[in-house]
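All remarks here apply to the structure that follows.
Quick note: residue numbers are just sequence positions, from 1.
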Amino acid sequence: MRTLKIFSLTAVMLAMVGMLFTACNESRENPLLKESPLPFGAPDFSKIKTADYQPAFEAGIAQTRAEIDSIVGYPDSATFENTILALEESGKALDRVSYVFFSLLEADKTPELSDIEKKVKPMLTELENEISFNKELFARIKQVYDRDFETLQGEDKKLLEETYKRFVRRGALLSEEKMARMKEINLRISELQTQWGDTLADATNDAVVWVEKKEDLAGMSEADIAQCAKDAESRGGKAPYAIVIVNTTQQQPLASLDNRDLRKRVFEASEHRADGTGKYNTFPIVCEIAKLRAEQAELMGYPNYAAYSLDNTMAKTPENVYDFLMNLIKAYVPKADAETKAIEEYARKTEGPEFQLQAYDYFYYSAKMKKEQLDVSDDEVKPYFNVDSVLQNGVFYAANRAYGLTFKERTDIPVYHPDMKVFEVMDKDGKTIALFYGDYYRRPTKRGGAWMDAFAEQSRQRQQLPIIYNVCNNAKAPEGQPSLLTWDEVTTMFHEFGHALHGMLSDCQYNSLSGTSVARDFVEMPSQFNESFASIPEVFDNYARHYKTGEPMPADLKERMLKSINFQPCYALGENLAATCVDLAWHMLASKDVPTPDKAMAFETESLRKVGLLNPFIPIPPRYHTSYFNHVWGGGYAAGYYSYLWTEVLAVNIADVFAQRGALKPETGQEFREKVLSRGNTGDLMQMFADFTGMKAPDASGLLRARGVE
């Protein structure tokens, strides 16, 4: 490993910061201001207090500023070592506190953490602006790029390329006037995204549907009714039962509730949680963010934000994305029309010839049809999907069979919530390669959805092994009862663990290139592919066991259940297509064309009409309406939600290769690991795909076949 004189000044300054903090807080040392003594440097949640975060951020920001100043002020001419590598190694203390703080902000957000977020986010944005628009720093980066790009090799070359491109994309070549405006926009977007997160969390929690009588919950299983009672108690007990709203438009209870009026209440509570029909309205935030993003793109010389954002992806242009989507929509619409008519005709057998199927009826009558035609229901299969068995005997088992990994629970490593579990991950030779945390149960302080992230990312340069976590929102059963999952929740666990594998199996020199640090329309591929293991017979039989008896799912039920996976598949595809088109529509706008908040919903409606997805005979709404589309307004998927469908094509193609070569054959998994999962962003992503599959280009027809929409 190369060592750099440049860090000597930084070390002195960091020591001074630490001494200053200790002098002001003699009774206690801030655990975030030093490397953790735990394995891998895992965060010591037993010692970290809420009051530690802001001082740690301030110290980390001060250290990073000192590091940047030392790079800029280095007396020798710029080299890869004293500029590019020095920049890559800067900010480690800030990374340490950021990884921990922002993980809690998503998974266990308290009012105290929210207050800290409001204070530190502007500080972090200001620091990012300082670095991005530091002319002296960029001059050194450009000097190295112009001189050494053609001669450097491997990961050094890729790090130089990505560093240079990152600064250019952030505006390093802009004029002084445009730079100043970009700084203002960055700060304002940061403020708005904090408002968004707070407002949406409050809106979703407030959207809970209170139910007075147990008989109104008819159709739900006793376990689900017990969960409603538990949810009501945890949310203040305004009524004996509560149906909690989760992040997507459709809600799982709508598949079983017999009471149509209650179904409508639940659906409308979800759809209107933040559109101003109640006390929450995110449209002013949405419209301002959309306008500012469009202005960012215009400052950078692009016609709209989608063009700017997609320039750095596999898809490259909005036109390529629309071509991809319109081909799917063309195949989807007639199938969806037929599927909807079949469900409506089925409902009319009991509801009368005038019955018109609504979005809140779709899941209910589809479930009844599935029960009648395939003789299978969620309530019948859920006893075989105990969350612990799915994790240990499914998710972990598949990783063992495919990649040779084993998992040992560590009860000695502190966690931020009692529900979490920690596992040491060992390779086939017994060598420890990662830590993995699982946080699977929902709570009021956790945002909706499911995700993967890291407390530390893999880097040989930093001698850092990956510390990865998954977060889900499964219902936790009352004490003494098993926590059982639906099939969708099972596949979500496999999905998020696919991301985790991408992080844990990384073997890269540099932190900024490792693991999941890839383009948005590639990052979802390992996770979507990992879902395929859930239904492989050997894996399925290993985890799908009755929570009481331990017996595997009977063969006939298993056959019916697996057949039901693609039963009436158009809803899932349609809601995804609609959300994708809504995202792109907002980000194809010029700044002058962004609608006012009172016209936001009309704009969404019109955008769906234009692409042929606003069909009154197909009541399939977007998976997320504009007003609660967190991926786009609060996350990193602006103009990028299409990536779920795009990468599903890659994932299906890869799953086909696994099936042909032996899905659980160690040689197949090892090749995929070596050619794709371990490589992060160290090479051309399409070439990685081609190297493993042998395909010159992805085959999009595989997606419709895998979905059962042909």
Side-chain angles (χ1 to χ4, degrees), residues 106-107 204 224 227 244-255 270 363 378 381-382 384-399 419-421 423 436-443 446-453 468-477 482-504 516 523-536 539-540 543-544 561-562 564-567 569 571-573 575-576 579 623-624 630-631 635 637 641 643-645 647-648 651-652 655 706-707:
E106 297 285 285
T204 304
D224 286 340
Q227 183 64 51
V244 174
I245 300 301
V246 298
N247 60 326
T248 57
T249 300
Q250 274 290 2
Q251 304 293 310
Q252 189 271 333
L254 297 181
S270 175
F363 276 17
D378 280 349
V381 300
K382 281 174 68 175
Y384 294 90
F385 297 149
N386 185 314
V387 65
D388 292 325
S389 182
V390 172
L391 178 64
Q392 296 274 3
N393 303 320
V395 171
F396 288 172
Y397 179 79
D419 286 343
M420 293 188 80
K421 292 185 178 181
F423 299 89
F436 173 71
Y437 294 63
D439 178 8
Y440 292 111
Y441 300 117
R442 73 182 182 221
R443 50 184 171 269
K446 183 188 287 188
R447 77 163 172 85
W451 61 95
M452 164 269 182
D453 214 322
I468 307 298
Y469 61 87
N470 278 170
V471 182
C472 294
N473 267 281
N474 303 320
K476 185 179 182 182
S483 293
L484 306 177
L485 305 179
T486 65
W487 175 250
D488 283 347
E489 290 166 336
V490 169
T491 55
T492 294
M493 285 183 65
F494 276 86
H495 177 103
E496 297 306 332
F497 197 74
H499 284 307
L501 287 168
H502 202 183
M504 292 188 293
T516 58
V523 75
E524 294 296 333
M525 180 276 293
S527 55
Q528 304 234 45
F529 160 67
N530 204 60
E531 291 181 30
S532 66
F533 285 110
S535 55
I536 289 175
V539 178
F540 185 91
Y543 72 82
M561 183 264 162
L562 291 175
S564 77
I565 292 173
N566 282 333
F567 182 77
Y571 194 103
L573 179 59
E575 64 172 357
N576 202 322
R623 184 168 175 83
Y624 306 95
N630 189 62
H631 286 75
Y637 282 76
Y641 195 71
S643 62
Y644 283 94
L645 291 169
T647 54
E648 190 175 345
V652 168
R707 290 269 190 146

Legend entry - Worked verdict on Asn576 versus Arg707 for side chain to side chain contact (heavy atoms under 4.5 Å, CB included): CA-CA 12 Å; Asn576 202 322; Arg707 290 269 190 146; 4.2 Å; yes

Inset, instruction - Assess whether side chain to side chain contact (heavy atoms under 4.5 Å, CB included) is satisfied between Asp453 and Thr516, documenting all intermediate values. - result: CA-CA 9 Å; Asp453 214 322; Thr516 58; over 6 Å; no

Inset, instruction - Run the ring-centre check on Phe396 versus Phe497 and record whether the distance is less than 6.0 Å. - result: yes

Legend entry - Rounded distance (nearest 0.5 Å) linking atom CG of Asn470 with atom CE of Met493: 8.0 Å

Inset, instruction - For residues Asp439 and Ala107, report the shortest heavy-atom separation together with the two atoms involved. - result: OD2-CB, 3.9 Å

Inset, instruction - Taking the side chain as every heavy atom from C-beta outward, state whether Tyr384 and Met561 have any pair of such atoms under 4.5 Å apart. - result: no

Inset, instruction - Taking all heavy atoms of Gln528 and all of Ser643, pick out the closest pair and write down the distance. - result: NE2-O, 4.5 Å

Inset, instruction - For Asn247 and Tyr624, test the side chains for any donor-to-acceptor distance below 3.5 angstrom and give the result as yes or no. - result: yes

Legend entry - Any side-chain heavy-atom pair of Asp224 and Lys382 under 4.5 Å: yes

Inset, instruction - May I ask you to decide if Thr248's main-chain N or O and Ser270's side chain share a donor-acceptor pair within less than 3.5 Å? - result: yes

Inset, instruction - Could you pull out the closest heavy-atom pair between Leu254 and Gln250, with the gap in Å? - result: CD1-OE1, 3.0 Å

Inset, instruction - Would you check if Leu573 and Leu645 make a side-chain contact, meaning some heavy-atom pair closer than 4.5 Å? - result: yes

Inset, instruction - Kindly compute the distance separating OH (Tyr644) from NE2 (His495), expressed to the nearest 0.5 Å. - result: 5.5 Å

Inset, instruction - Using side chain to side chain contact (heavy atoms under 4.5 Å, CB included) as the criterion, point out the one residue from Asn473, Asp419, Val471 that pairs with Arg442. - result: Asn473

Legend entry - Closest contact, heavy atoms only, Ala706 versus Val652: CB-CG2, 3.7 Å

Inset, instruction - Could you pull out the closest heavy-atom pair between Gly394 and Val539, with the gap in Å? - result: O-CG1, 3.8 Å

Inset, instruction - Measure the spacing between OG of Ser527 and NE2 of His499 and express it to the nearest 0.5 Å. - result: 3.0 Å

Inset, instruction - Check whether any side-chain heavy atom of Leu484 sits under 4.5 Å from a side-chain heavy atom of Val387, and report yes or no. - result: no

Inset, instruction - Could you pull out the closest heavy-atom pair between Lys446 and Tyr440, with the gap in Å? - result: NZ-C, 4.2 Å

Legend entry - Residue list, ring-ring contact (aromatic ring centres under 6.0 Å, His included) with Phe494, at least two apart or on another chain: Tyr543

Inset, instruction - Mind checking the OG1-CG spacing from Thr491 to Leu485? Nearest 0.5 Å is all I need. - result: 10.0 Å

Inset, instruction - Go through His502 and Phe529 one step at a time and tell me if the side chain to side chain contact (heavy atoms under 4.5 Å, CB included) criterion holds. - result: CA-CA 11 Å; His502 202 183; Phe529 160 67; over 6 Å; no

Legend entry - side chain to side chain donor-acceptor pair (under 3.5 Å) against Gln252, all qualifying residues, sequence neighbours excluded: none

Legend entry - Lys476 side, atom NZ; Arg443 side, atom CZ - distance, nearest 0.5 Å: 9.5 Å

Legend entry - Polar contact flag, side-chain donor to acceptor under 3.5 angstrom, Thr492-Glu489: no

Legend entry - Interatomic spacing from OH in Tyr469 to CD in Glu496 - rounded to 0.5 Å: 11.5 Å

